[in-house]
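Indexing begins at 1, ligand by ligand and atom by atom, following the structure's order. Note: hydrogens, waters and symmetry copies are ignored here, and every other heavy atom, side chains too, is used. Residues take their numbers from the sequence shown, with the count starting at 1.
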Amino acid sequence: MEELTPRQIVAELDRYIVGQREAKKAVAIALRNRYRRRLLPPELRDEIMPKNILMIGPTGVGKTEIARRLARLVNAPFVKVEATKFTEVGYVGRDAESMVRDLVEVAIRMVKKEKMSEVSEKAARLAEERILEILAPSPKRRRPAKNPLEALFGEMGESASEVDDTVESQSSRQLRERIAAELRSGALEDRQIEIEIEETPQKTLEVFTLGGMEEMGINLQDMLGSFLPRKKKKRRVTVREARRILAQEEAQKLIDMDEVVSQAIERAEQTGIIFLDEIDKIAGRENSYGPDVSRGGVQRDILPVIEGSTVMTKYGPVKTDYILFIAAGAFHVSKPSDLIPELQGRFPIRVELEPLGKEDFLRILTEPDNSLIRQYTELLRTEEIDVEFTPDALAKIAEMANLVNTRTENIGARRLHTIMEKVIEDISFQAPDLPQQRIVIDKEYVSERLADIVADKDLSSYIL
Ligand SMILES: Nc1ncnc2c1ncn2[C@@H]1O[C@H](COP(=O)(O)OP(=O)(O)OP(=O)(O)O)[C@@H](O)[C@H]1O
């Protein structure tokens with residue numbers, strides 16, 4: 001997937017995000033550069049660092065959405081971190097590295113999920129075998145020898161008891177085959193059975209904070225987890241549920257965790273994307289007063305991670321050199337030039353995102369795949385209610401969203417969510433009691449639902 005051209009990447013992003021062409025172009029180029037870098041000879045490749053991006057724009061205009069969609073498009077591990085989190089009381093310098101640890105966790109989950117789905121068919125088969133074993137245990141292959149003579153000569157000929165055994169095992173084999181066929185056909189899904197499942201190790205030991213260990217994300221519990229005896233627990237469940245639980249357990253056993261870890265680290269290092277939100281809130285230099293001192297400090301703390309360093313994680317060391325960082329902020333008060341110079345230099349690509357207006361809202365409501373309107377209509381369709389929004393109703397919703405944004409606080413496209421919720425509230429509440437029907441939402445309906453709230457500034461700042 002990473003071979004997508006910048007034009008194709010923008011086209012893919014267009015499916016979900018309205019407008020913001022510059023930002024889409026910037027991330028598309030950054031992604032393509034990663035691909036180009038991979039084609040270079042190793043000496044040169046190691047010289048080329050990703051060109052990180054600084055997105056400048058008010059809240060709710062699609063900054064996070066662009067980065068998140070981009071990551072999903074190419075299956076890259078992605079985390080979003082609020083830069084202000086590092087200014088909170090109790091945070092210390094090393095915590096800046098936690099974003100890399102989080103990224104690795106995401107990568108581990110991704111790779112593990114992929115590996116599990118690769119073995120899912122086999123795991124399902126094994127799970128079915130285990131269920132069959134519960135429903136109809138396989139007959140013992142051979143009765144233990146009773147006396148030394150039998151032990152000695154037993155294999156030479158069939159004794160009478162063995163003939164009985166064979167007859168018995170034949171009938172039980174037939175029974176077992178019949179149950180197996182029923183099980184395969186899905187006829188036994190609701191039958192209750194008792195299964196034995198492995199419990200994750202109990203918190204048998206208290207973890208003391210040993211200087212630095214927690215900071216590195218190393219947790220004694222995790223380290224010792226694999227050595228602790230795994231307790232088995234019995235549970236009564238339906239065959240359907242047993243399939244799910246046991247297949248999960250079998251898949252766990254089938255995948256090679258060492259391979260998962262090494263691939264996940266590689267993926268985080270080479271394709272990871274870290275989205276650093278609210279970077280403007282930590283902009284400021286040491287020479288100013290008050291909280292700015294700590295802001296400068298935070299910038300210094302995160303700098304090594306962005307410049308390229310090796311972070312210790314519980315899965316091993318992770319190099320941050322080629323991780324793509326996308327920082328974002330509104331920069332209403334501070335400016336990018338208020339960041340410390342080293343950090344400014346690490347974000348050479350600057351893109352501005354446009355504030356969104358009425359026209360954009362109208363498009364956001366309907367154009368993206370899985371647009372808000374589609375989400376609401378599909379949700380209600382599950383209750384056999386067919387809602388239809390007339391074009392003038394959509395225009396009214398967009399207009400109201402814009403109006404509330406200008407009157408109270410501009411929260412961008414997020415306003416559409418609160419407005420839509422209000423418009424649809426009554427129908428949503430009554431849906432289960434309504435007969436199957438088609439409901440048309442027109443301009444009048446929208447106005448009626450919203451007019452009073454929108455007119456009252458105080459009320460709208462609470463409700464919308
Ligand atoms: N241009 C857009 N097209 C489609 N949807 C959008 C657009 N802008 C915002 N949205 C929607 O609005 C919501 C908030 O957007 P997003 O999280 O990207 O905000 P943001 O710009 O990153 O703001 P913040 O910095 O406060 O997080 C998301 O649900 C997103 O889908």
Looking at every heavy atom in both Arg267 and Met110, which two are closest together, and how far apart are they? NH1-CE, 3.9 Å

protein heavy-atom neighbour closest to atom 5 (N) of ligand 1 works out as Ile364 CG2, 3.7 Å

Should the proximity of Thr59 to ligand 1, defined as any heavy atom under 4.0 Å, be assigned to the side chain, the backbone, both, or neither? both

Any side-chain heavy-atom pair of Phe347 and Lys51 under 4.5 Å: no

of all protein heavy atoms, closest to atom 12 (O) of ligand 1 is Ala413 CB, 3.4 Å

Do NZ/NE/NH1/NH2 and the carboxylate oxygens of Glu121 and Arg125 come within less than 4.0 Å? no

Indicate, as side chain, backbone, both or neither, the part of Asp277 found under 4.0 angstrom from ligand 1 when only non-hydrogen atoms are considered. side chain

Any side-chain heavy atom of Asn410 within less than 4.5 Å of one from Thr406? no

Thinking salt bridges, do Glu12 and Arg7 make one under a 4.0 Å N-O criterion? no

Would you please determine whether Lys80 falls within less than 4.0 Å of ligand 1 on a heavy-atom basis? yes

Taking N or O atoms only and a 3.5 Å limit, does Val18 qualify as a polar contact for ligand 1? yes

With respect to atom 29 (O) of ligand 1, which of Arg414, Glu354, His417, Arg415 exhibits the smallest heavy-atom separation? His417

Which is it for Ile373 and Met420 under the side chain to side chain contact (heavy atoms under 4.5 Å, CB included) test, yes or no, and what are the steps along the way? CA-CA 8 Å; Ile373 294 293; Met420 277 300 291; 3.7 Å; yes

Are any of the N or O atoms of Val61 closer than 3.5 Å to those of ligand 1? yes

Got Leu324 and Arg34 here, is their nearest side-chain heavy-atom distance under 4.5 Å? yes

Could you tell me whether ligand 1 has any atom less than 4.0 Å away from a heavy atom of Leu356? yes

Nearest non-hydrogen protein atom to atom 30 (C) of ligand 1, with distance, is Glu65 OE1, 3.8 Å

Establish, yes or no, whether the cationic atom of Arg37 lies under 6.0 Å from the six-membered ring centre of Tyr322 and within 45° of the ring axis. yes

Quick test of your reading of the model: are Glu189 and Arg243 salt-bridged, counting only N-O distances below 4.0 Å? yes

If you count the atoms of ligand 1 from 1 in the order shown, which ones are under 4.0 Å from a heavy atom of Tyr16? 4 (C)

Using a plain distance cutoff, I'd like to know if Ile17 has any nitrogen or oxygen under 3.5 Å from a nitrogen or oxygen of ligand 1. no

When you measure from atom 22 (O) of ligand 1 to every protein heavy atom, which one gives the shortest distance, and what is it? Thr64 OG1, 2.4 Å

Run the contact test for Gly60 against ligand 1 with a 4.0 Å cut-off on heavy atoms, strictly below, and give the result. yes

